[in-house]
S.K.: 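Once you've had a glance at the structure underneath, I'll fire off some questions.
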Amino acid sequence: MKLNPVILLLAVAPLAFTGCNSDSTAGRQKAATQNASAAQQIYVPPGKLDEYYAFLSGGQSGSVFVYGIPSCRFIKEIPIFEPRAGLGYANNPGSESYKRLKESGPFWGDTHHPVLSQTDGRYDGRNLWINDKGNDRVARIDLRTFEVAEIRQVPNIQGAHGLAACLPSCKYVFLNGELEQDFAGASTDPAQYHSVIAFLDAETLETRFQVQIVGNADIASSGKDGRYVFSTMYNTENATSSEGMIERDRDAVAAIDVPAAEKAVAEGKFTRVNGVPVIDPEKVPGVLTLIPVPKNPHGCNVTPDGKYVLASGKLSPTVTIIDAHTLKVIAEPEVGLGPLHTTFDGRGNAYTSLFVDSQIVKWNIEKAIKGEPDYIVDRVDVHYNVGHTKAAGADTSHPSGDWLISLNKLSKGMFLPVGPGMPESQELIDISGDKMRVVAAFPSLPEPHDAVMCHRSVLEGKVVQTYEVQPAAVKLGEEKIVRNGNKVDVYMTCIRSKFAPEQFEVHEGDVVKLHLTNVETVRDMTHGVAIPKHGINLAVDPGQTAETTFVAGKPGTYWYYCTWFCSALHLEMRGRMLVKPPGAELSDHPGQVAKEDKAQSAAQKGTPSYE
Ligand code: RUQ
Ligand code: CUA
Ligand code: CA
């Protein structure tokens, strides 16, 4: 029988339309409801604080980005290896931060792995460490001020990549050499190549000892009981070409017995290279164990209970589960394509980033060990090509189990196009239920590799409101100008809305050292001082003293002015540097301004005239 196509079309059309219609309406409604509930989850009303701090490494920006979670609001950039004029960091050649950075190496960095200090298996809110893969440095950030406290270049190492703290004590942080070289860094002969894992004093960042390995060391993670620390190695071939680096079917996880290494150092079983004791494990058995794992592993993560270390396969679709005490491989579950890093919820689940699949896969560790077929719990798509992933508190013994960040390498169409290059893309995933839920995406500067998230209670009461009075501080009313030949010290204070002295005189060519103390006693009253045509822009937080040295330029009037909007008299907050020709007579009026100024004396009594 032949059917009339028109009748057929009419017959099915209403059905088709209703079906389609109701489907899309329901679909849209469902999506809208889901979006609304996701929006509610991340909404933090104005004036309310986020629950978590997320510290994202800044990659080739050389810094650390601080975001609030769950709102995904950007709060601060901590400049470390690169100057940041806005914050007065390392941009004034005569300043302390500039000199310290210059002493440590070049003015750029490639930060990868932020590490928070712990006490008794919990974040303690004291220190944040970060490595610079580009110039083999480590920095320590003091979390009382969120500023760099130490920067140090590490000898005998190239491509200082993996960084972790030795748990449980955090006595050392250890740093992995990813790029092979000879000890002196002076040979081109591959037969001389090896890498070191460097153990640094966690406070001073001085290198205490190093362990030499043949091949390279990539990502680092510490056991929880003070015995072993672990590093993945993808170039056990010790090759110099990418083909050569993928020759072997298995590479390794290196386990270093830290007490055994300390004993070797105490017994003098080392060679001193560039001032650092280096242990050759071939000569001191027991210090290094190589555990074979599939081809070119990447991430290395110890479970919160300290039982297992997981090596993510990268070129193998597996994660290798190693007993962290016996160092035996106990399972190798398949998880998906391109596994890079693994993080934890504290409920027995692992979350592995899959670079090739652009997914986070959630899987149950014990089920995978027992070989139960349903060990994969859930998968969620991320956008796109995830590198690191980190759940809140996941490096401690007590993960929070609620939020996870996916640090994606490509954002493609996720944000408004800003040219051929696009911002980096992070996604926030709710992991509190059985199913994961992507609830937000947020851009950042290039390029976060790793992140660490801690609850705000960790830092409550730790972050200071104002700087403690520093020994070099200039006290209110004690401002002065001290001349010694062509060297001039200007001791200056600032407070809403005045610099004291409001003018000073120097000769052309004088070497002027400015000591500027912000004598405010309330949080957030930052002042800045810019000196036109002299390359000076400082930022000074309440209680802080900044110093910088410069050479006075051509004769003339140079108004120094406040760069941080601080009060209704912010624009009036300025003073004059009067540069006179060599030999001209100079006069000073230091002190008088500070003592007689009404705004200042009011502020001193705690009743500032301008808020
Ligand atoms: S590394 S993903 Cu330092 Cu994994 Cu970048
Ligand atoms: Cu001080 Cu503006
Ligand atoms: Ca290899």
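Just so you know, these numbers use all the heavy atoms, side chains as well, and skip hydrogens, waters and symmetry mates. Start at 1 and go down the list; that is how both ligands and their atoms are numbered.
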S.K.: When you look for heavy atoms under 4.0 Å from ligand 1, do you find them on the side chain of His341, its backbone, both, or neither?
M.R.: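 Just the side chain.
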S.K.: Are any side-chain N or O atoms of Ser231 and backbone N or O atoms of Asp218, one a donor and one an acceptor, separated by less than 3.5 Å?
M.R.: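 No; zero donor-acceptor contacts below 3.5 Å.
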S.K.: Among all protein non-hydrogen atoms, which one is nearest to atom 5 (Cu) of ligand 1, and what is the separation to 0.1 Å?
M.R.: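 Answer, as residue, atom name and distance: His449 ND1, 2.2 Å.
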S.K.: Tell me which N, O or S atom of His527 sits nearest to atom 1 (Cu) of ligand 2.
M.R.: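 Closest to atom 1 (Cu) of ligand 2 among those atoms: ND1.
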S.K.: Closer than 4.0 Å to some heavy atom of His161 - which atoms of ligand 1 meet that?
M.R.: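 Within the 4.0 Å cut-off of His161, ligand 1 contributes 1 (S), 3 (Cu).
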S.K.: If you check every N/O/S atom of His112, which is the one nearest atom 3 (Cu) of ligand 1?
M.R.: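 Of all N, O or S atoms belonging to His112, ND1 is the one nearest atom 3 (Cu) of ligand 1.
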S.K.: Can you tell me which residue among Lys133, His161, His449 is in a side-chain hydrogen bond (donor to acceptor under 3.5 Å, both in side chains) with His113?
M.R.: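 Of all the options given, the one that passes is His161.
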S.K.: Donor-acceptor check, side chain of Arg137 to backbone of Ile130, threshold 3.5 angstrom: yes or no?
M.R.: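 Not at all, since once roles are kept as given, no pair shorter than 3.5 Å links the two residues.
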S.K.: Please confirm if an N, O or S atom belonging to His388, backbone or side chain, lies less than 2.8 Å from atom 3 (Cu) of ligand 1.
M.R.: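 No, outside the cut-off.
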S.K.: Can you tell me the N, O or S atom of His113 that's nearest atom 3 (Cu) of ligand 1?
M.R.: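 Going through the N, O and S atoms of His113 one by one, NE2 ends up nearest to atom 3 (Cu) of ligand 1.
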S.K.: Between Ile405, Thr111, Leu445, which is the residue that forms a side chain to side chain contact (heavy atoms under 4.5 Å, CB included) with Leu56?
M.R.: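 By the side chain to side chain contact (heavy atoms under 4.5 Å, CB included) criterion, Leu56 pairs with just one of Ile405, Thr111, Leu445: Ile405.
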S.K.: Against the six-membered ring of Tyr234, is Lys314 placed for a cation-pi contact (under 6.0 Å from the centre, within 45° of the normal)?
M.R.: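 Lys314 over Tyr234 ring: yes.
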S.K.: Could you tell me whether the side chain of Asn537 and the main chain of Ala85 form a donor-acceptor pair under 3.5 Å?
M.R.: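 It does hold such a pair.
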S.K.: If I take atom 1 (Cu) of ligand 2 as the centre, what angle separates the SD atom of Met573 from the SG atom of Cys562? Nearest 10 degrees is fine.
M.R.: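 Roughly 110°, rounded to 10°.
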